[in-house]
Structure formats: structure tokens, C-alpha cells
Amino acid sequence: MPVALVTGASKGIGAACAVALAEAGHDVGIGYGTDADGAEATAAAVRAAGREAFVHQADVSDENQAAGLVSAVEEALGPLDALVLNAGITRDGPALRMDSEDWSAVIDTNLSGAFYTARPALRGMLRRRAGSIVAISSVVGLSGNVGQVNYSAAKAGMLGMVKSLAREAAPRGIRVNAVAPGYITTEMTAAIPEQLQERILEHTPLGRFGTPEDVAAAVRFLCSDDAGFMTGAVVSVDGGLAIGV
Ligand code: NAD
């Protein structure tokens with residue numbers, strides 16, 4: 001059975017990706033940072049879809065813990081066929097007032113954490129000459145955003161990472177792609193002030209916010225053989241928010 005690892009899979013987009021990959025036939029490693037109950041709920045949903053689940057706690061901003069997550073999942077379920085780099089945080093604020101801790105926390109988790117997880121996974125994939133990696137970037141990695149200099153920089157950095165890894169790994173048949181979600185209804189976006197939410201909706205041509213399942217469908221596709229000729233791509237799942245960016 002193919003094996004997938006999803007980081008930050010205790011809730012939101014990560015949880016939906018874990019379930020979607022289980023429905024597509026993967027046994028799933030569920031990485032989580034702090035929410036053990038959420039991770040167990042995701043594991044229950046994966047098992048309900050008829051696949052094996054393995055839960056492991058790791059702070060991906062710590063290189064050793066990220067590597068430990070990859071090896072624990074490979075030991076429990078087998079070599080990775082798919083990796084979803086989803087763990088992420090926000091620490092929003094105007095650039096001039098953003099303290100360096102908020103800058104570093106977001107870069108360390110969203111960008112370095114993705115790299116620290118991708119590298120050990122890639123090592124095994126290169127040996128086996130198979131595998132697919134999908135990074136969850138963001139529309140603001142393409143457009144930038146007021147109050148999100150740290151988050152936008154990390155998400156844009158992920159795109160550079162994805163394109164570079166795609167070039168390095170392509171000769172061995174490994175594909176590396178990114179998904180750039182727009183506004184998706186999760187705990188992360190629940191904190192956005194209502195007025196700003198309305199403005200985002202006005203700029204979303206499809207006229208609704210996205211769901212975690214909207215993003216998970218693109219991730220499942222990118223991990224499948226149907227996407228066999230796609231690498232280094234950035235797939236927008238944003239209701240049209242990024243048109244013109
Ligand atoms: P969420 O807050 O619901 O989930 C984030 C997940 O990441 C959680 O499981 C959390 O525990 C985990 N996480 C955070 N820091 C971690 C760390 N140091 N180590 C391990 N795990 C950690 O958010 P979400 O909306 O589901 O976002 C998932 C991803 O999608 C994030 O990378 C986010 O930036 C991205 N994204 C979200 C939206 C949106 O509108 N919700 C839009 C674009 C991109």
C-alpha cells in the first residue's frame with residue numbers, strides 16, 4: 001500500500017489531506033505539533049476510510065524532530081510515497097512593528113520546517129526513484145499581503161524551495177509541487193476580523209470561501225499518477241482570488 005505523511009494533520013487543511021489520501025488508498029502518517037486529540041481524530045477518520053494511520057508528535061521547526069517524524073512514519077508504515085508539507089502558523093502585524101521573534105517563528109515553522117521535513121523524506125525517495133511532495137504555500141506567497149510580511153516571505157520561499165527541489169529530484173522521477181490556497185475556512189482564518197473577511201470575499205470571483213476539502217482534492221491529485229507530468233507547479237485553489245497576480 002502507498003504511504004503518505006502529512007504534517008500539521010491534527011486539524012484544518014492537514015486533516016482533510018490525510019483523509020483524502022486515505023480515501024485514495026494511502027496509509028497515512030499524521031504529524032502534529034501540540035494537538036494530540038485532533039491528531040487522534042484524524043487517525044480515526046483515516047481508519048474509517050479503511051487505511052492504516054500512525055500518529056507522531058514533532059515540532060517541524062526543530063530539524064531533529066522533523067527528521068524523527070519522517071523516520072518514525074517510515075518505520076511504522078513503510079517508505080514514503082507522498083509527503084504533504086502543511087504545518088504552518090501566522091504571527092501577523094505591520095512590518096515596522098513586527099518583533100524579530102514573530103518574524104523568526106513564522107520563517108522557522110513554515111519555511112525551515114518544510115525543508116527540514118522534505119530533506120530526509122527526499123533522501124529515501126531518491127533512493128527508490130519514486131515519490132511526490134506537495135507543499136502548502138499560499139496566495140499571499142504570490143501577491144504579498146499587508147500585515148503578513150513574515151508569512152508572505154515564508155510562503156514565497158516555499159515556492160522557491162519547491163521549484164529547486166523539483167529540478168534536483170526530477171531526474172529520479174520524483175515530483176515536487178505546491179498548492180497556493182486562498183481563503184480557506186479553518187481555525188487559522190477564524191481569527192481574521194469580519195470586515196476583512198468580507199473584503200476578501202468581494203475579491204473572490206467564485207463568491208465563497210474555500211473548504212479544507214477543496215485544498216485536499218488538489219493535493220490528492222498532485223500525489224496521484226494522474227499528475228505524472230507535473231512538477232515544479234504552483235496550483236492555485238483560491239476561487240479566483242489570485243487572478244491577475
Ligand atoms: P490550522 O491552524 O488549522 O492548522 C495548522 C496545523 O499546523 C496544525 O495542525 C498545527 O498543529 C500545525 N503546526 C503548527 N506549527 C507546527 C510546528 N511547529 N510543528 C508541527 N506542526 C505545527 O491552519 P490551516 O488553515 O489548516 O493551515 C494549514 C496550512 O495551510 C498552513 O501551512 C497554512 O499556512 C496554509 N494556508 C492556509 C490558508 C487558509 O486560508 N486557512 C490559506 C493559505 C495557506
Side-chain angles (χ1 to χ4, degrees), residues 5-20 29-43 55-70 72-73 83-92 104-118 134-145 148 150-159 161-162 178-192 196-197 200-201 203-204 208-216 218-219 234-239 241-242 245:
L5 165 58
V6 183
T7 65
S10 58
K11 57 186 170 178
I13 292 169
C17 289
V19 173
I30 293 157
Y32 75 97
T34 51
D35 181 6
D37 289 347
E40 285 303 336
T42 306
V55 172
H56 188 86
Q57 190 277 333
D59 175 354
V60 296
S61 69
D62 178 308
E63 188 170 4
N64 289 327
Q65 290 189 39
L69 170 64
V70 171
V73 170
L83 170 65
V84 183
L85 302 165
N86 168 78
I89 56 169
T90 51
R91 296 274 191 280
D92 297 350
S104 300
V106 169
I107 299 293
D108 291 353
T109 300
N110 298 13
L111 179 57
S112 302
F115 180 61
Y116 294 155
T117 314
V134 180
I136 309 298
S137 176
S138 168
V139 61
V140 306
L142 298 164
S143 64
N145 198 21
Q148 290 199 305
N150 50 359
Y151 185 79
S152 303
K155 293 300 186 182
M158 285 176 95
L159 300 181
M161 181 190 82
V162 159
V179 172
Y183 183 108
I184 309 299
T185 306
T186 67
E187 262 180 45
M188 182 177 274
T189 43
I192 296 176
L196 184 53
Q197 292 196 23
I200 295 168
L201 195 54
H203 286 90
T204 303
R208 68 169 175 90
F209 295 136
T211 64
E213 289 71 26
D214 287 325
V215 180
V219 169
V234 182
V235 176
S236 291
V237 181
D238 64 0
L241 186 61
V245 170

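Note that ligands are numbered from 1 as they come in the structure, with each ligand's atoms numbered from 1 the same way.
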If you round to the nearest 0.5 Å, how far is CG of D92 from CG of N145?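 N145 CG to D92 CG: 8.0 Å, rounded to 0.5 Å.
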My understanding is that only residues two or more places apart in sequence, or in another chain, count here; which of them pass side-chain contact (heavy atoms from CB on, under 4.5 Å) with T186?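 T186 satisfies side-chain contact (heavy atoms from CB on, under 4.5 Å) with I13, I184, M188, T189, P212 once adjacent residues are dropped.
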With sequence neighbours excluded, tell me which residues meet side-chain contact (heavy atoms from CB on, under 4.5 Å) with A154.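 Scan of A154 (side-chain contact (heavy atoms from CB on, under 4.5 Å), adjacent residues dropped) gives V106, I107, N110, L111.
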With a 3.5 Å distance limit and no angle check, can you tell me whether N86 reaches the backbone of G8 through a side-chain donor-acceptor pair? yes
Near ligand 1, which residues have a heavy atom under 4.0 Å away from one of its atoms?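 Residue list for ligand 1: G8, S10, K11, G12, I13, G33, A58, D59, V60, N86, A87, G88, I89, T109, I136, S137, S138, Y151, K155, P181, G182, Y183, I184, T186, M188, T189.
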Taking the basic N atoms (NZ, or NE/NH1/NH2) and the acidic carboxylate oxygens, is any pair closer than 4.0 Å for D214 and R208? yes
With sequence neighbours left out, what residues match Y183 under ring-ring contact (aromatic ring centres under 6.0 Å, His included)?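 For Y183 the ring-ring contact (aromatic ring centres under 6.0 Å, His included) partners, ignoring immediate neighbours, are F209.
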